[in-house]
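So that the names make sense, note that chain A is the first sequence line, chain B the second, and so on, each numbered from 1. We use all heavy atoms of the structure for the numbers below, so side chains are in, but hydrogens, waters and symmetry mates are not.
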Amino acid sequence: MAQVYNPQEIEKKWQQRWAADHIYEVDEDNRRPKFYALTMFPYTSGDLHIGHWYAMAPSDVYARFKRMQGYNVLHPMGFDAFGLPAENAAINHGIHPYDWTMQNIENMRRQLKSMGAIYDWNREVITCLPDYYKWTQWFFLKFYHAGLAYRAKAPVNWCPKCQTVLANEQVVGEGICERCGTLVTKKDLEQWFFRITKYAEELLDHSHLDWPERIKTMQRNWVGKSEGAEISFWLEHEGIEQKCIKVFTTRPDTIFGVTFLLLAPEHPLVSQLTALERKAEVEEYIAWCRRQTEYDRLSLGREKTGVFLGSYVLNPLNGERVPIWITDYVLPTYGTGAVMAVPAHDERDLEFARKFKLPVRVVIAPPDWSGEELTEPYTEAGTMVNSGEFSGLPSERGYEAICALLEEKKWGKRTVIYRLRDWLISRQRYWGAPIPIIYCDKCGIVPVPEDDLPVLLPPDAEFKPSGESPLKYCQAFVNTTCPKCSGPARRETDTMDTFMCSSWYFLRYTSPETRDAPFDAAKVKFWLPVDLYTGGAEHAVMHLFYARFFIKALRDIGLVDFDEPFARLFNQGTIIYRGDKMSKSRGNVIAPDEYVTELGADAVRGYLMFVGPWELGGEWNDSGIVGISRWLNRVWNLVTTNYTPVCRDVIGPEDEKEFLHIIHKTIKKVTADLGKFRFNTMLASLMEFTNYLSKVKESGVVSDSLWREAINYFLLLLAPTAPHLAEELWARSGRPYSIHNQAWPEYDNELAREEEITLIIQVNGKLRDKVVVPASISEAEAKELALGRKRIQTYIDGKKLINVIYVPKRVVNIVLAPMQPE
RNA sequence: GCCGAGGUGGCGGAAUGGUAGACGCGGCGGACUUAAAAUCCGCUUCCCUCAAGGGAGUGUGGGUUCGAGUCCCUCCCUCGGCACCA
């Protein structure tokens with residue numbers, strides 16, 4: 001038997017034993033309350049780095065904690081296995097994406113197993129296998145039949161490097177591709193969309209979700225709800241069909257201040273509304289706009305640009321003639337692509353008016369307005385002026401009155417619009433689930449019949465990116481027969497966004513073996529919703545948003561009976577290394593393997609929890625981990641070397657009492673900290689406990705039985721954090737296998753309570769003395785004691801006592817009169 | 001520009017409005033050793049002092065309070081998100 005702590009040996013041993021005994025396998029056992037603890041599954045990039053461990057190890061600790069607390073815990077793991085890097089690897093290294101992905105999974109699974117988590121590997125889910133993506137395709141068909149999937153031509157985000165379209169959510173920061181950082185361009189393409197906008201309103205509702213405020217805010221901003229009115233401005237133009245231009249405004253109360261109308265350069269009426277003599281100038285401007293990148297166009301702080309079309313509309317409320325301009329700050333995709341400009345009350349419109357010397361008319365008076373021109377736009381509510389019959393009304397009432405009038409006269413109506421666009425799910429790439437659609441010259445768009453699923457990804461496709469789907473060139477795949485008329489037909493060659501795959505994987509974990517359905521409905525009913533979902537915040541408006549949409553759609557289709565997938569969400573922070581987020585693309589990854597080999601998985605787990613609060617992340621520091629490793633060694637020595645009480649007739653009852661107090665105080669603290677994900681302070685209190693145990697051991701002042709009890713509690717508290725070491729020490733001290741099937745210790749509140757406290761004595765708020773007193777001390781006793789202290793006397797001497805403040809069990813503050821100046 | 005998180009020793013970080021710096025790293029000193037490593041023990045915010053003791057101190061400047069790292073206001077910096085959305 002090894003006498004020194006040898007993590008390599010014991011970790012391997014227990015991992016094999018746990019697997020052989022199936023101790024972490026889970027079933028729908030109703031005797032214990034269920035708890036679904038889910039960690040975002042990793043993309044199969046090749047290696048897990050310390051950043052992955054930071055997401056996974058603490059969540060495993062929490063899942064183990066809940067398990068010991070008596071919950072029936074489902075804590076599964078799988079792989080998000082479709083995606084571009086697999087293809088890029090294929091292109092760069094000549095290996096098939098399937099082989100690359102499966103090799104990576106092999107390696108990552110090995111790494112994950114070395115962590116010693118409670119994953120039930122029978123439930124593993126791999127999204128790129130036909131058993132799985134068959135159902136991803138099946139959901140597409142369900143959405144199609146429910147009217148939630150449609151095909152449309154639209155200007156879409158195009159990544160020239162990835163050679164594929166991207167969803168709006170995948171364009172980040174300054175208009176760059178979320179995956180590769182390339183500047184995204186626009187392309188007009190026929191694509192498949194999911195009608196996520198149908199759920200815009202419901203997606204705004206986070207009222208039953210225990211989620212971080214900032215994620216909820218980001219989702220709300222992403223939906224971008226605006227309430228206002230759509231108003232028709234009459235066209236004063238001969239010879240065109242349209243009688244009016246519709247604008248959207250959130251401030252119908254400012255309509256009397258409209259001094260020009262703005263259209264997006266892409267607005268369909270622009271060419272018809274351009275006066276002959278302005279044609280050249282307008283066309284030149286439009287051409288200039290086209291040359292601007294999306295990012296340039298949306299960036300703030302650039303000078304306003306635009307041209308006058310040479311035509312006019314009439315303001316329906318006052319009949320005024322209003323010139324029509326085009327400008328690139330009006331976006332064709334938002335609202336109606338047309339804006340009524342009110343320069344007095346909108347910053348951008350004012351800038352535009354000043355640049356082009358257009359009139360500015362105040363129609364909402366600020367509270368103390370003198371009637372002068374405003375130097376800056378006034379965008380708040382106020383009193384309406386220069387507004388005909390509405391003048392004098394508070395603008396909030398004017399808003400209502402004008403809307404009512406517009407609706408009565410049918411000049412406009414109240415409207416709500418959203419910034420959210422439908423979810424573009426087509427990708428012109430190989431390594432994804434094929435969209436199960438067939439195009440027939442006779443029958444048009446025909447969905448693949450359910451029985452024909454999966455539409456298998458042909459293994460032999462040429463997948464070099466060409467800007468078109470690689471599947472297009474795979475004749476055996478493309479050519480098929482129409483399911484309706486049996487005539488010759490072509491398959492859709494685009495694949496689905498991989499976020500489709502990750503929108504339902506958490507359902508599959510409940511029943512991965514199910515063959516005739518995506519999941520076993522009873523098991524989903526048992527386990528879902530996920531009780532705790534942990535992962536990085538980078539998915540706020542992507543994965544987390546899509547998954548919510550998916551569940552709402554499945555609910556409406558009748559496949560699930562709940563509204564939200566993730567009841568509670570927790571975002572861990574980011575692991576920084578060399579000043580940057582650790583990631584393979586940044587080339588600053590630290591592999592856990594060498595640390596696991598050298599110091600053990602328990603040490604790596606422990607160190608990651610010790611760097612700081614989980615939600616804040618932290619800097620990976622090589623030298624920090626040795627602290628945890630040394631501590632685990634001390635733990636080993638503490639438990640494996642014999643304790644012998646000193647030879648005394650009776651072991652002092654006072655010492656035993658204090659010992660019990662420390663034990664229960666520690667249980668209380670560790671339990672509370674684990675519940676709050678405060679792993680760093682939990683470890684600190686376990687360390688303090690071991691420091692205390694060492695002292696006790698040295699002095700031998702407790703009985704043998706109490707010592708054993710303390711070790712017993714300590715190992716139970718250690719078990720979630722260092723599962724291997726705890727199991728080994730548990731076994732070595734003759735306790736029954738397995739520690740991980742033991743109940744979490746309960747603390748005795750009486751014993752955990754402090755009996756003695758250090759009373760702080762302050763004079764005028766400054767610490768001057770401290771004294772240890774029984775916790776039961778009364779106010780009068782405490783004050784008397786404080787005033788009687790020798791050291792305090794020297795401060796009080798000769799000064800006037802104004803007040804004595806007593807804070808129970810904490811402080812006596814003696815307030816003296818300030819010194820009179822001479 | 002707006003929203004959110006954060007700013008505390010040499011470093012990572014602790015602190016229900018009540019002892020600032022728990023716990024760990026690093027450093028210094030000591031024990032063990034022929035020696036080193038490992039381990040163990042002690043010290044370690046800064047300044048004055050042999051010491052006892054005293055003073056200063058949680059990004060900046062104010063305020064509230066008997067008492068502020070913590071609450072309020074001002075400003076500065078770092079990180080994350082959003083950003084011409086009518």
Side-chain angles (χ1 to χ4, degrees), chain A residues 4 172-174 212-218 220-222 224-226 228 247-251 254 262 264 297-302 304 327-331 333-342 345-349 351-352 379 417-420 537-538 540-541 571 573-574 576 579 581 606-607 610-613 615-628 630-631 633-634 637 678 680-691 694 698 757-770 791 802-816:
Chain A
V4 292
V172 297
E174 307 178 348
E213 208 49 54
R214 90 196 148 106
I215 300 290
K216 294 194 280 188
T217 306
M218 281 164 76
R220 271 197 302 273
N221 291 343
W222 192 255
K225 180 179 182 175
S226 294
V247 302
F248 173 78
T249 180
T250 53
R251 295 294 301 272
T254 63
L262 293 166
R297 177 163 179 178
L298 291 177
S299 60
L300 270 126
R302 53 203 282 268
K304 293 284 176 282
T327 179
D328 67 350
Y329 81 80
V330 173
L331 306 172
T333 49
Y334 186 74
T336 59
V339 173
M340 60 177 222
V342 186
H345 306 293
D346 182 282
E347 197 184 328
R348 299 148 303 172
D349 296 348
E351 247 181 86
F352 193 88
T379 56
I417 63 167
Y418 301 91
R419 201 185 76 120
L420 181 68
E538 65 272 21
V541 292
N571 296 121
T574 311
I576 304 292
K581 178 184 171 164
Y607 177 59
F610 195 60
V611 287
E615 66 272 24
L616 294 183
E619 175 97 28
W620 173 264
N621 187 337
D622 265 359
S623 58
I625 191 169
V626 304
I628 292 290
R630 287 205 282 247
W631 175 63
N633 266 294
R634 282 200 296 277
N637 294 331
R678 300 312 285 244
N680 55 332
T681 48
M682 172 205 70
L683 274 164
S685 71
L686 283 180
M687 286 174 181
E688 278 179 87
F689 190 49
T690 51
N691 291 345
S694 300
E698 186 94 353
I757 52 141
T758 305
L759 189 69
I760 302 306
I761 305 170
Q762 300 178 331
V763 177
N764 286 336
K766 280 194 192 298
L767 173 77
R768 294 301 180 193
D769 200 3
K770 15 184 170 178
R791 298 185 38 163
I802 294 180
N803 199 0
V804 180
I805 298 202
Y806 174 66
V807 181
K809 299 185 187 180
R810 297 252 180 220
V811 160
V812 176
N813 187 14
I814 296 159
V815 186
L816 302 173

Colleague: Between B/G67 atom P and A/I802 atom CD1, what is the distance in whole Å?
Modeller: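 These atoms are roughly 11 Å apart.
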Colleague: Could you state the atom-to-atom distance from CG of A/N221 to C1' of B/C84 in whole Å?
Modeller: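 From A/N221 CG to B/C84 C1': 16 Å.
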Colleague: For A/P613, report the nucleic acid contact type (base, sugar-phosphate, nothing); a contact means any heavy atom under 4.0 Å.
Modeller: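 Sugar-phosphate only.
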Colleague: Determine the Euclidean distance between corresponding P atoms of B/C71 and B/G59; express it in Å to zero decimal places.
Modeller: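 About 12 Å, rounded to a whole number of Å.
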Colleague: In whole angstroms, how far is the P atom of B/C84 from the OH atom of A/Y329?
Modeller: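 Nearest whole value for this atom pair: 13 Å.
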Colleague: Pull out every protein N or O sitting under 3.5 Å from an N or O of nucleotides 36-39 of chain B, one pair per line with the distance.
Modeller:
none

Colleague: When syn is taken as a glycosidic angle within 90 degrees of 0, is B/G9 syn or anti?
Modeller: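 Syn, which is what one calls it when the glycosidic angle falls within 90° of 0.
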Colleague: Under 4.0 Å, heavy atoms only, any strand: does A/V339 hit a base, just the sugar-phosphate, or nothing?
Modeller: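 Base contact - A/V339 has a heavy atom under 4.0 Å of at least one base atom.
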Colleague: Would you mind listing every side-chain hydrogen bond (donor to acceptor under 3.5 Å, both in side chains) that reaches into residues 333-342 of chain A, with sequence neighbours excluded?
Modeller: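 For residues 333-342 of chain A: A/S226-A/Y334.
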Colleague: Hey, does A/N813 reach any base, or is it just sugar-phosphate, or nothing, if we go heavy atoms under 4.0 Å?
Modeller: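 If one applies the 4.0 Å heavy-atom cut-off, A/N813 turns out to touch a base.
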Colleague: Does A/K766 make a side-chain N or O approach to OP1 or OP2 of B/A56 shorter than 4.0 Å?
Modeller: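 Affirmative; the distance criterion is met.
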Colleague: If B/A38 has a Watson-Crick or G-U wobble mate with both distances under 3.5 Å, name it; if not, just say none.
Modeller: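 Paired with no nucleotide.
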Colleague: Classify the side chain of A/E538 and the base of B/G80 as holding, or not holding, a donor-acceptor pair under 3.5 Å.
Modeller: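 Counting by modelled atom types and ignoring angles, no donor-acceptor contact under 3.5 Å is found here.
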Colleague: Quick one: on RNA chain B, does A/Y607 or A/R214 contact a more 5' nucleotide (nearest heavy atom)?
Modeller: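 Here A/R214 is the residue nearer the 5' end.
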Colleague: Just call it for A/R678: base, sugar-phosphate, or nothing, with non-hydrogen atoms closer than 4.0 Å on any strand.
Modeller: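 Touches sugar-phosphate only.
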Colleague: For a quick check of understanding: with a heavy-atom distance under 4.0 Å over all strands, which category does A/V247 fall into, base, sugar-phosphate or nothing?
Modeller: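 Nothing, no nucleic acid heavy atom in range.
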Colleague: Indicate whether OP1 or OP2 belonging to B/A86 is found under 4.0 Å from a side-chain N or O atom of A/S226.
Modeller: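 Indeed, a polar side-chain atom of A/S226 lies that close.
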Colleague: When all nucleic acid strands are considered with a 4.0 Å heavy-atom cut-off, which category describes A/V611: base, sugar-phosphate, or nothing?
Modeller: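 Sugar-phosphate, no base atom in range.
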Colleague: Closer than 4.0 Å, any side-chain N/O of A/N764 to the OP1 or OP2 of B/G67?
Modeller: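 No, A/N764 has no side-chain N/O under 4.0 Å of OP1/OP2 on B/G67.
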